A.B. asks: 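One structure is given below, represented as structure tokens, and several questions about it will come after.
These numbers come from a predicted model, not from an experiment. We use all heavy atoms of the structure for the numbers below, so side chains are in, but hydrogens, waters and symmetry mates are not. Below, read A as the first sequence line, B as the second, and so on, with proteins coming before strands; counting in each chain starts at 1.
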There are 2 protein chains.
Amino acid sequence: MSDLLVRKLSCLDKLNEEEVRILRELTPQTRTFDARSDVVEQGSRPTHSTLLLEGMTGRYRILADGRRQITSIDVPGDFVDLHSFPLKTMDHGVIALSPCKTATAPHADLLRITETQPHLTRVLWLTTLIDAAIHREWLVAVGRMSALERMGHLFCELYCRLGAVGFTDRENRSYTLPITQGELGDMLGITNVHVNRTLQELRRRGLVSWRGPTVTIPNWSNLVEVSRFDPSYLHLHSEPR
Amino acid sequence: MSDLLVRKLSCLDKLNEEEVRILRELTPQTRTFDARSDVVEQGSRPTHSTLLLEGMTGRYRILADGRRQITSIDVPGDFVDLHSFPLKTMDHGVIALSPCKTATAPHADLLRITETQPHLTRVLWLTTLIDAAIHREWLVAVGRMSALERMGHLFCELYCRLGAVGFTDRENRSYTLPITQGELGDMLGITNVHVNRTLQELRRRGLVSWRGPTVTIPNWSNLVEVSRFDPSYLHLHSEPR
DNA sequence: CGAGGATTTGAGCTGGATCAAAATAGGTGG
DNA sequence: CCACCTATTTTGATCCAGCTCAAATCCTCG
């Protein structure tokens, strides 16, 4: 079992040996999912939470007439549905955006952590609060930013989040984004046609290239400026919680 | 000190006597805020969290060029910044949308709760997860719904949330919404001019009236249908957490 | 090689933005 | 109670970012 979760949580606060041991024993079982398959179904009542090990997943809601909004993207090291532990019922679905590998944490074990490990509980709580902070940032983007700004902003966010768990190529300022333009549009609240045109504009300006599954950011500070990106909402630094 | 917090949390799970006692002792100090004043500043590191007793507040972010997005609205009984307890730093501001009265809960007391009251901790965690669920729902609305649908959806949401803490007039299907059309636009991601026109359309169709500070919903089921409103994301029912 | 999905291009349309001004509604001091 | 001041709501006219619909091209993989 990988140390991904320990690595991720260690970005947020120092963990002691016992906490590390508990986390390592938390998710023994792994599963795999095909691209486009449902990882968690809307309306279900999960008995375990799912840690993403490889690939990317998205939380989404579909309206009666087929319009879809993807409300978040999860990267390796993220719990895709830790919130289902206190919430009990899933108010949205989770889809595998690419082939995925996951590990499962039984709610019974999470319950035991909340009963005996106050500090670890606060750190787990924190991860769900960072999810919420990302939701707020996406709201700002979708509500008040242009398609170009929004898209650049998401590329910046993913570079930071993937970097925190060691999934970027810092040499080339690049990372793997194995999703379609249509799915990107469902995150940004624009159509696939407009995704394509906006992407061409980003490429034309030399801000982003996304060829095959690889996103490259040739000029980070320019992209940050155009996208008004400020990573503080990601809270990616260790401090006592 | 009011029982608002106890009433609010009791909507989510049964509380025992000790928990009720702890909650009653949690927020002795009250404060008042003028309309339009900052309740919490972006970038600050609060030493206490703020429970809203009267009035309404909004979490918001302002972009460099002045565009503003309000990412949530809080109603009496809501913690406006409980997330600042594990998060430490505020990544957004909180503004009083109307004259407000608040009560403050020192983070030191919240820390003690997490150390000694696992169940109460889970319920507090839960309230922040419901905030996140509301963020997701707003994302769906802003990303994929028309201005008319979005506005109707928000009026429905507020009716449910205010009803849970006893702040609606069930007789007349109405409640007090003491904000401006411009502020509503900053929640929905549209301009104040378009808020006005959308509102006229809702009134013309007999779905909502908003005269002075009072919102009335003459025909609930019609509005629910037009707005595609499904309250399950609010998780407003008691079950063991 | 063929098929189905993904990307790209084109043409025309529209929901909501922008800009500007008029009408109203509170609130305040005399 | 009135006159005034300022913020808010409302209306009008014009514009444009992003949508829709449709077709072409390009991948990828069996």
A.B. asks: Using whole Å, what does the distance between atom C1' of nucleotide D:dT8 and atom CG of B:N192 come to?
C.D. replies: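 Those two atoms, CG and C1', are 9 Å apart.
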A.B. asks: Which ring pair (Phe, Tyr, Trp, His ring centres under 6.0 Å) pairs, counting each pair once, include a residue from residues 158-184 of chain B, with sequence neighbours left out?
C.D. replies: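 Output for this query lists B:Y159-B:W220.
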A.B. asks: Give a yes or no on whether a salt bridge exists between B:E149 and B:R144, defined as a side-chain N under 4.0 angstrom from a carboxylate O.
C.D. replies: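 Answer for the salt bridge query: no.
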A.B. asks: With a 4.0 Å cut-off on heavy atoms, is B:G189 in touch with a base, just the backbone sugar-phosphate, or nothing at all?
C.D. replies: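 Sugar-phosphate: the residue B:G189, judged by heavy atoms under 4.0 Å, touches backbone atoms but no base.
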A.B. asks: With a 4.0 Å cutoff (strictly under), does any side-chain N or O of B:N196 reach OP1 or OP2 of D:dT9?
C.D. replies: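 False: B:N196 side-chain N/O out of range (4.0 Å or more) of D:dT9 OP1/OP2.
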A.B. asks: Strictly below 4.0 Å, heavy-atom distances to any atom of DNA chain D: list the hits from residues 198-208 of chain B, or just say none.
C.D. replies: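 Hits under 4.0 Å, by residue number: B:Q200, B:R203.
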A.B. asks: Kindly indicate whether the side chain of B:R68, heavy atoms from C-beta on, has any atom under 4.5 Å from the side chain of B:L63.
C.D. replies: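 B:R68 does not reach B:L63 side chain to side chain.
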A.B. asks: Any salt bridge linking A:R228 with B:D65? Criterion: basic side-chain nitrogen under 4.0 Å from a carboxylate oxygen.
C.D. replies: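 Yes.
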A.B. asks: Check each of B:T198, B:N192, B:N196 against B:Q181 using the side chain to side chain donor-acceptor pair (under 3.5 Å) test, and report the only one that passes.
C.D. replies: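 For B:Q181, the side chain to side chain donor-acceptor pair (under 3.5 Å) test succeeds with only one of B:T198, B:N192, B:N196, which is B:N196.
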A.B. asks: What string of B, S and - do you get for nucleotides 23-30 of chain D, 5' to 3', if B is base contact, S is sugar-phosphate-only contact and - is no contact with any protein heavy atom under 4.0 Å?
C.D. replies: --------
A.B. asks: Rounded to the Å, how far apart are B:H194 NE2 and D:dT8 P?
C.D. replies: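 Taking NE2 of B:H194 and P of D:dT8, I get 21 Å after rounding.
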A.B. asks: Under 4.0 Å between a side-chain nitrogen and a carboxylate oxygen: does that hold for A:R150 and A:E137?
C.D. replies: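 Here A:R150 does not pair with A:E137 in a salt bridge, since their nearest N and O are not under 4.0 Å apart.
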A.B. asks: Kindly compute the distance separating NZ (A:K101) from CG (A:L4), expressed to the nearest 0.5 Å.
C.D. replies: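 The CG atom of A:L4 is 10.0 Å from NZ of A:K101, to the nearest 0.5 Å.
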A.B. asks: Have a look at B:T191 and say if it touches a base, only the backbone sugar-phosphate, or nothing, with a 4.0 Å heavy-atom cut-off.
C.D. replies: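 Base, at least one base heavy atom under 4.0 Å.
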A.B. asks: Would B:H83 and A:H235 count as a close aromatic pair, with their ring centres under 6.0 Å?
C.D. replies: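 Between A:H235 and B:H83, which both carry aromatic rings, the centre distance is not below 6.0 Å.
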A.B. asks: What integer distance in Å separates A:R197:CZ from D:dG18:C1'?
C.D. replies: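 After rounding, the reported distance stands at 9 Å.
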A.B. asks: Considering only heavy atoms of chain A and a distance under 4.0 Å, specify the first and last nucleotide of DNA chain C in 5' to 3' order that meet this criterion.
C.D. replies: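 From 5' to 3', the first and last contacting nucleotides are C:dA6 to C:dA11.
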A.B. asks: What is the distance, to the nearest angstrom, from the CZ atom on B:R36 to the P atom on D:dA7?
C.D. replies: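 In whole Å, D:dA7 P lies 11 Å from B:R36 CZ.
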A.B. asks: Under 4.0 Å, heavy atom to any atom of DNA chain D: which of residues 141-158 of chain B qualify?
C.D. replies: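 Heavy-atom contacts with DNA chain D come from no residue of residues 141-158 of chain B; none.
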A.B. asks: When you check the gap from the basic side-chain N to the acidic O, do B:E201 and B:R197 get nearer than 4.0 Å?
C.D. replies: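 Looking at B:E201 and B:R197, the cut-off is not met.
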A.B. asks: Any carboxylate oxygen within less than 4.0 angstrom of a Lys/Arg side-chain nitrogen, looking at A:D74 and A:R59?
C.D. replies: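 Yes.
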A.B. asks: Just the rounded figure in Å: distance from P of D:dA17 to CD1 of A:I190.
C.D. replies: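 Nearest whole value for this atom pair: 14 Å.
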A.B. asks: Provide, to the nearest angstrom, the distance between the CG atom belonging to B:L184 and the C1' atom belonging to D:dA7.
C.D. replies: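 For the pair B:L184 CG and D:dA7 C1', the rounded distance is 17 Å.
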A.B. asks: Can you name the nearest heavy-atom pair linking B:L234 to B:C160, along with the distance?
C.D. replies: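 Smallest heavy-atom distance, with atoms named: CD1-CB, 3.7 Å.
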A.B. asks: For the residue pair A:C100 and A:V39, establish whether any side-chain heavy-atom pair is separated by less than 4.5 Å.
C.D. replies: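 Result no, sub-4.5 Å side-chain heavy-atom pair not found.
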A.B. asks: Which residue pairs satisfy the salt bridge (Lys or Arg N to Asp or Glu O under 4.0 Å) criterion with at least one member in residues 151-160 of chain A, sequence neighbours excluded?
C.D. replies: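 Residue pairs passing salt bridge (Lys or Arg N to Asp or Glu O under 4.0 Å), neighbours aside: A:E157-A:R161.
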A.B. asks: Just checking B:V193: base, sugar-phosphate only, or nothing, at a heavy-atom cut-off of under 4.0 Å?
C.D. replies: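 The answer is base, as B:V193 lies within the cut-off (heavy atoms under 4.0 Å) of a base atom.
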A.B. asks: Quick one: closest heavy-atom pair of B:M187 and B:I179, and the distance?
C.D. replies: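 Looking at all heavy atoms of both residues, the closest pair is CE-CD1, 3.6 Å.
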A.B. asks: So, OP1 or OP2 of D:dA7: does either fall under 4.0 Å of a side-chain N or O from B:Q181?
C.D. replies: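 So the side chain of B:Q181 is outside the cut-off, no N or O lying under 4.0 Å from OP1 or OP2 of D:dA7.
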